[in-house]
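Here is how names work: the chains are called A, B, and so on, in the same order as the sequence lines, proteins then strands, and each is numbered from 1. Hydrogens, waters and symmetry mates play no part in the numbers below; they use all other heavy atoms, side chains included.
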Amino acid sequence: AQSVAQPEDQVNVAEGNPLTVKCTYSVSGNPYLFWYVQYPNRGLQFLLKYITGDNLVKGSYGFEAEFNKSQTSFHLKKPSALVSDSALYFCAVRDIIRSNDYKLSFGAGTTVTVRA
Amino acid sequence: GAGVSQTPSNKVTEKGKYVELRCDPISGHTALYWYRQSLGQGPEFLIYFQGTGAADDSGLPNDRFFAVRPEGSVSTLKIQRTERGDSAVYLCASSFSGGRGDTQYFGPGTRLTVL
């Protein structure tokens, strides 16, 4: 079975400081990994994904994430956080070893608060 | 272009009633997914359509839940004899082809409240 863990329920940072949101995963084979952001009363917005290739993935709004196979992690990062980055962030995984399995498995989410 | 749309945005119903939730995917996307998000949790998979057929309905919690996509575009999630535990946000997503590397794009969700 595939699963994702987001070990921090909340992350608080000051505007201008680096932001990191942690994610670890568990799959039978190789993973496809995704990050989404959810603003209040809105759906999930896609940020970035890792499929193959370079372990450092760059996405929308200045976010990036690094795939680390040995640590089974895919942490989301932003060098300089903005107040507008305050939202709920979800990590998701899809296990590519299962040819008929197309669903994403999501973590419980991490609430990011960036203070001015 | 237009994203995934869902109607209604909010639905309040009484225990035991029947409800239908509608999803209109991004034009040209053949794959469509339904997820359910309970308070304080991440979305949980319900069902996946490739074209008109349900390719994977393993996430439907019981036989009160059913979904259709008769023309391979709009989908309707149907819940019979609603229970208070069905209260959640129901999210719909679509992707271009359903390939495992495809990005799923989500709609704003329908918040279902069962009284």
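- Taking a 6.0 Å sphere around OH of A/Tyr39, one finds it holds more than 12 heavy atoms contributed by other residues, nucleotides or ligands.
- Under the 4.5 Å side-chain contact rule for hydrophobic residues, B/Leu112 and B/Val68 do not share a cluster.
- Under the 4.5 Å side-chain heavy-atom criterion for grouping Ile, Leu, Val, Met, Phe, Trp and Tyr, A/Val27 is not connected to B/Phe45 through any hydrophobic cluster.
- Placement of B/Leu32 and B/Phe106 in two distinct hydrophobic clusters is found when ILVMFWY residues are connected by side-chain heavy-atom separations under 4.5 Å, directly or transitively.
- Note on A/Leu76 and A/Phe67: same hydrophobic cluster, where clusters join Ile, Leu, Val, Met, Phe, Trp and Tyr whose side-chain heavy atoms are under 4.5 Å apart, directly or indirectly.
- Taking the six-membered ring where the residue is Trp, the centroids of B/Tyr35 and A/Phe106 are separated by under 6.0 Å.
- Within the 4.5 angstrom heavy-atom criterion, only side-chain atoms of A/Gln38, from C-beta onward, approach chain B.
- Within a 6.0 Å radius of CG in B/Leu115, more than 12 heavy atoms belonging to other residues, nucleotides or ligands are found.
- B/Phe66 CZ: 12 or fewer foreign heavy atoms inside a 6.0 Å radius.
- Placement of B/Leu21 and B/Val4 in two distinct hydrophobic clusters is found when ILVMFWY residues are connected by side-chain heavy-atom separations under 4.5 Å, directly or transitively.
- Of all heavy-atom pairs between A/Phe34 and B/Thr103, the closest is CE2-CA, 4.3 Å.
- Of the atoms belonging to A/Tyr36, it is side-chain heavy atoms, and not backbone ones, that fall under 4.5 Å from chain B.
- Considering only heavy-atom pairs separated by less than 4.5 Å from chain B, the leading option among A/Gly107, A/Ser105, A/Gly43, A/Gly109 is A/Gly43.
- With rounding to the nearest 0.5 Å, the separation of CZ in A/Arg94 from CG in B/Asp102 is 7.0 Å.
- For the atom pair A/Leu88 CG and B/Gln37 CD, the distance stands at 7.0 Å (nearest 0.5 Å).
- Annotation: ring-ring contact (aromatic ring centres under 6.0 Å, His included) contacts of B/Tyr105 (sequence neighbours excluded): none.
- When the candidates B/Gly59, B/Pro43, B/Pro108, B/Gly109 are compared by the number of heavy-atom contacts under 4.5 Å with chain A, B/Pro43 comes out ahead.
- A distance of 10.0 Å separates CD in B/Gln104 from NZ in A/Lys49, rounded to the nearest 0.5 Å.
- Heavy-atom proximity under 4.5 angstrom to chain A picks out B/Leu91 from residues 84-96 of chain B.
- A distance of 11.5 Å separates OH in B/Tyr48 from CG in A/Leu104, rounded to the nearest 0.5 Å.
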